[in-house]
Number of protein chains: 2
Amino acid sequence: MPGPRATTRPHATIKDVAAAVGMSPATVSRALARPDMVASSTAERIRQVADELGYSPSPQARWLHTGRSNALTLVLPDITNPFFFDLIRGAQHEAARAGYTQVLVDTEESAAQERSHLAAARKTSDGAVLGGSRLPDTMLGELAARFPLVSVNRRIRGVPSVTIDTPAALAQAVDHLAGLGHRRIAYLGGPESAWFDDRRWQAIRAAADDHGLTCSRLGHRAPTMIAGEEAVEGVTAGDLTAVITYNDLQALGLMRGLERRGIAVPDQFSIIGCDDIFGADLTKPTLTTVTGSAELAGELATKALLERLDTGKPPRKLHQTAPAHLTIRDSTAPPPEVARR
Amino acid sequence: MPGPRATTRPHATIKDVAAAVGMSPATVSRALARPDMVASSTAERIRQVADELGYSPSPQARWLHTGRSNALTLVLPDITNPFFFDLIRGAQHEAARAGYTQVLVDTEESAAQERSHLAAARKTSDGAVLGGSRLPDTMLGELAARFPLVSVNRRIRGVPSVTIDTPAALAQAVDHLAGLGHRRIAYLGGPESAWFDDRRWQAIRAAADDHGLTCSRLGHRAPTMIAGEEAVEGVTAGDLTAVITYNDLQALGLMRGLERRGIAVPDQFSIIGCDDIFGADLTKPTLTTVTGSAELAGELATKALLERLDTGKPPRKLHQTAPAHLTIRDSTAPPPEVARR
DNA sequence: ATGAAAGCGCTAACAC
DNA sequence: GTGTTAGCGCTTTCAT
């Protein structure tokens with residue numbers, strides 16, 4: 001019985017090619033993988049016949065021997081967050097360049113999903129890049145010992161990582177606000193499970209201290225526009241004149257929320273975001289934010305992963321940093337009390 | 001010699017499990033795949049041991065017999081176009097639900113890359129969803145005969161497809177403009193290789209005719225913000241009062257371009273986009289545009305692909321349509337001559 | 001209900 | 001330079 005797959009004709013196999021050229025499968029294998037181990041004339045002939053038959057070796061069968069699938073997995077907490085777009089593209093570029101296929105999975109911010117996806121990734125790919133993992137450090141450390149892993153924007157003992165240096169740029173952001181005359185600012189936090197949340201807060205607070213600014217922390221919020229919009233109450237409750245948010249999505253939401261309340265940005269209130277996602281320069285006012293190349297981070301992470309795969313050892317530079325800087329746009333201005341003078 | 005992969009311990013195999021429970025690999029295979037073919041007590045024991053050993057069958061080895069990789073490929077011309085984000089997520093959802101892995105590839109608008117990626121996809125996955133293919137119809141038709149394919153937003157003879165019904169919504173868009181009093185409108189075209197470009201134009205022209213509007217076609221442009229911004233000249237050259245663009249990216253770019261020229265949207269000029277991407281409601285003015293669920297389209301396409309895989313036959317409904325509608329925001333208003341009265 | 005054995009497509013020793 | 005052979009992890013007859 002033909003069965004369900006009868007409609008798609010099976011691929012030509014190495015045997016078909018071998019039969020067609022009247023040689024053994026081994027010779028065909030060599031001709032294709034290591035042409036120098038074979039008479040150049042036969043190599044040529046085999047290549048040609050393989051082409052005619054549309055043959056190319058099956059990655060799966062090859063895997064049995066080599067243990068390599070030539071695929072990498074990119075694990076993301078939320079594909080729809082624009083921040084990840086460039087990361088995806090950077091990683092994809094680098095993977096393709098090295099002849100690897102990229103598998104993309106979205107864990108939808110769920111640690112459980114991340115676990116199961118990683119378990120699957122172990123079987124189907126040679127390694128994984130984790131963009132903002134939600135799993136505990138210990139688990140990631142253990143996993144990384146058995147399965148090549150590179151973490152993006154989260155530093156974990158024993159796990160190679162690439163981190164965008166947003167803390168440095170956030171210090172610039174505070175400088176910027178201080179320079180404008182702001183005295184009372186705050187940080188609108190991200191998810192508790194986000195490794196970077198605390199780092200960003202520390203960087204901001206330290207810089208605020210340097211300038212003698214009052215700086216409070218406005219709890220933990222989801223990294224979404226909705227969450228930013230909902231934060232309006234907390235933001236307007238005190239006597240703040242500026243807020244730095246965990247990410248741009250929050251900043252955009254907050255901006256919308258303030259506008260709806262009739263609070264003008266930046267005249268009455270300044271906002272600084274983080275990530276410089278698509279859309280940050282489309283709003284009115286455009287968003288002052290921290291720009292770091294997620295694309296570069298994706299490239300570096302994949303490169304590190306590939307290095308690990310090639311050498312079998314952790315990459316030379318275990319923890320890498322990609323630069324970031326403050327991009328000043330229109331959502332920041334002197335606070336009302338200064339502007340009025 | 002240990003070799004490069006010495007650091008990662010190999011997975012437990014079916015043999016390990018078999019040895020651990022003192023039974024044959026065949027029984028283990030059955031216990032896991034068809035528990036009903038095995039004594040329930042042994043099935044239970046095997047499952048438990050497999051768990052302890054962290055064993056699960058290798059997809060690659062399984063592929064040798066079944067010819068199935070349990071992976072689907074999603075082929076996109078440009079990952080960074082926000083339009084595709086929801087498509088990605090919808091497809092991913094559906095794939096995950098059915099126990100499939102999703103492989104994502106970005107062809108960067110290149111037909112050559114698309115070809116080579118599809119060739120690779122044939123080996124590594126069971127089928128592919130094409131989001132806006134740039135390949136000729138004939139090639140896709142032939143390929144689809146050998147490899148399960150579903151096309152999104154492009155209808156091809158013999159290839160199952162899911163199309164977002166933007167033409168219907170664009171007719172609404174023209175109605176909307178006519179209702180506001182516009183008499184001379186235009187369509188800013190997309191890439192020539194985009195199947196939908198002509199369809200959109202036809203829909204707009206037909207609707208314009210119905211209303212007795214003058215409607216011109218403003219050539220072919222890349223589906224990017226830059227291209228939209230560059231189109232300002234052409235748009236302002238005539239005596240137009242409104243433009244409908246191929247997609248939102250162009251619309252956003254055009255809006256920016258007009259603003260820079262001091263032309264007020266919507267008071268002096270109305271703009272309607274297409275896709276309702278992230279950012280379309282962030283701009284000021286917010287963008288009137290055509291909203292269609294790319295997520296739904298991704299889901300439907302993947303569902304159709306899975307049906308094809310399960311039954312071996314083309315899906316019941318070869319060509320599906322996902323609804324779309326006009327979302328009226330702030331980038332459209334009566335033209336100056338009407339407003340003045 | 002379970003086991004033995006063959007074989008999927010390919011590669012890598014090991015002959016010759 | 002090329003062929004033979006064994007075997008990767010798994011499923012599936014075919015026996016028992």
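For the pair A:Arg34 and C:dA12, the criterion of a side-chain N or O lying under 4.0 Å from OP1 or OP2 is met. Contact annotation: A:Lys123 side-chain N/O to D:dG9 OP1/OP2 distance is not under 4.0 Å. OP1 and OP2 of C:dC10 both lie 4.0 Å or more from every side-chain N or O belonging to A:Ser29. Contact check, A:Thr42 against D:dT2: a side-chain N or O comes under 4.0 Å of OP1 or OP2. Contact between the side-chain N/O atoms of A:Ser58 and the OP1/OP2 oxygens of C:dG9 is not found at any separation under 4.0 Å.
Nearest-nucleotide mapping onto DNA chain C: of B:Leu64 and B:Gly22, the residue sitting toward the 5' end is B:Gly22. Nearest-nucleotide positions on DNA chain C place B:Ser24 closer to the 5' end than the other of B:Ala61 and B:Ser24.
Out of D:dC10, D:dC8, D:dG3, the shortest distance to the side chain of A:Arg30 is found at D:dG3. Distances were taken from every side-chain heavy atom of B:Pro25 (C-beta onward) to each of D:dT11, C:dC8, D:dG9; the shortest belongs to D:dT11. Comparing atom distances between the A:Arg62 side chain and each of D:dT2, D:dC10, C:dT11 picks out C:dT11 as nearest. Considering only the side chain of B:Ala26, D:dT12 comes nearest among D:dG3, D:dT12, D:dG1.
Here D:dT2 presents its C1' atom at 15 Å from CG of A:Asp36, a figure rounded to the nearest Å. One interatomic measurement links the two molecules: CD of A:Gln60 to C1' of D:dC8, which rounds to 14 Å at whole-angstrom precision. Rounded to an integer number of Å, the gap from CG of A:Leu53 to C1' of C:dG9 is 15 Å. In this entry the distance linking CD1 of B:Ile14 with P of D:dC8 reads 13 Å, nearest Å.
Each of B:Arg157, B:Arg154, B:Arg155 was checked for a salt bridge (charged side-chain N to carboxylate O under 4.0 Å, His left out) with B:Asp137, and the lone residue meeting it is B:Arg154.
Under a 4.0 Å N-O distance rule, the pair B:Arg89/A:Asp106 qualifies as a salt bridge.
The local environment of CZ in B:Arg115 is sparse, with at most 12 non-hydrogen atoms from other residues, nucleotides or ligands closer than 6.0 Å.
For A:Gln60 and A:Ser58, the side-chain atoms include at least one donor-acceptor pair closer than 3.5 Å.
Nucleic acid contact for A:Met23: sugar-phosphate only, since backbone atoms but no base atoms lie under 4.0 Å from a heavy atom of the residue.
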(message) Apply side-chain hydrogen bond (donor to acceptor under 3.5 Å, both in side chains) to residues A:Thr107 and A:Ser110 and explain how you reach the verdict.
(response) CA-CA 6 Å; A:Thr107 64; A:Ser110 139; over 6 Å; no
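A donor N or O paired with an acceptor N or O is found under 3.5 Å between the base of D:dG9 and the side-chain atoms of B:His65.
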